[in-house]
Amino acid sequence: VTQDAGSAEGKKQPVVVICIGMAGSGKTTLMQRLNSHLHSKNTPPYILNLDPAVSHMPYSANIDIRDTVDYKEVMKQYNLGPNGGILTALNLFTTKFDQVLGYVEKRAEDVDYVLVDTPGQIEIFTWSASGSIITDAIASSLPTVVAYIVDTPRTTAPATFMSNMLYACSILYKTRLPFIIVFNKTDVQPHDFALEWMQDFEAYQAALNDSARNESGESGYMNSLMGSMCLVLEEFYNNLRAVGVSAMTGEGMRAFFDAVEEARREYETDY
Ligand code: GDP
Ligand code: MG
């Protein structure tokens, strides 16, 4: 990743926040919340929507993949199902991404934040060539951080929590970008249990044992695997920041933007 000459000349550069997360974790709702928060601070962001299949978008994007490709048309034309249509739409858009980046760069001096929303289904972005190409193109042009959005109420079971963290971990090592875990929906479920599990593997293992006792069907093998995984993830946990937010109520915005600032500094020293 090259540092663009702009920063050396003292030109202001925005930070790009790429929102990634499982379907329904609240990426789009968080984008809306961040957008209205930044508007209220008089620093409106520049917004890219990369989800071709979003039906209701609660914010208006500066660049919207849906203006370029219609994934339903793509499905018909190439005889694909919905996931194939979305992936192909993203691929088609990626072939024009140098132009898109040109637009972003033109506005770079006027904005503090560039926010990027990604397709609902996480793997369409994280396990596709297009997702990597887009991420790398953005990150080689501007300071870029990844916000990994977690559906906190749906990750309270220790095994589910571990799966989600392993997925996040794979994205961190794939993108090698500064990383923020965003525990969303704290209005429904506070994220303190998650922070405790990340900081204290004995607390995690105790929760794992409790859940095994409750669902007597849980296999000992699964538990011992998850127990070992939490030790593996210690290194990963040390490499990121974790914040709790509610995209619904706006709780946690301060912590979120502090984490973005910290992640941006990491980008500037390491990339
Ligand atoms: P995406 O697929 O990741 O873009 O998720 P969406 O933003 O479309 O949100 C999925 C669902 O979660 C919607 O019904 C949202 O209203 C809901 N949601 C998102 N954020 C929050 C939140 O902070 N609190 C609550 N209670 N619901 C939320
Ligand atoms: Mg969405």
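Bear in mind that the values here come from a model prediction, so they are computed numbers and not experimental data. Numbering of ligands and ligand atoms starts at 1, following listing order. Quick note: residue numbers are just sequence positions, from 1.
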Side chains of D112 and T43: any donor to acceptor distance under 3.5 Å? no
Check for a donor-acceptor pair, side chain of S246 on one end and backbone N or O of T249 on the other, with a separation under 3.5 Å. yes
Between M248 and ligand 1, does any nitrogen or oxygen pair lie at a separation below 3.5 Å? yes
Test side chain to side chain contact (heavy atoms under 4.5 Å, CB included) applied to E266 - qualifying residues, sequence neighbours left out: P178, R241, D270, Y271
Taking both backbone and side-chain atoms of K27, is any N or O found less than 3.5 Å from an N or O belonging to ligand 1? yes
If you leave out waters, which protein N, O or S atoms are less than 2.8 Å from the Mg ion (ligand 2)? T28 OG1
Going by the 4.0 angstrom heavy-atom rule, the piece of V245 near ligand 1 is neither
Give the ring-plane orientation class for F161 versus Y204, where under 30° counts as parallel, over 60° as perpendicular and anything between as tilted. tilted
Using a strict threshold of under 4.0 Å (side-chain N to carboxylate O), is an ion pair present between E262 and R265? no
Which residues pass the side chain to side chain contact (heavy atoms under 4.5 Å, CB included) test with T160, sequence neighbours left out? T155, A157
Near T29 (heavy-atom distance under 4.0 Å), the atoms of ligand 1 are 6 (P), 7 (O), 9 (O), 15 (C), 19 (C), 20 (N)
With sequence neighbours excluded, tell me which residues meet salt bridge (charged side-chain N to carboxylate O under 4.0 Å, His left out) with E196. none
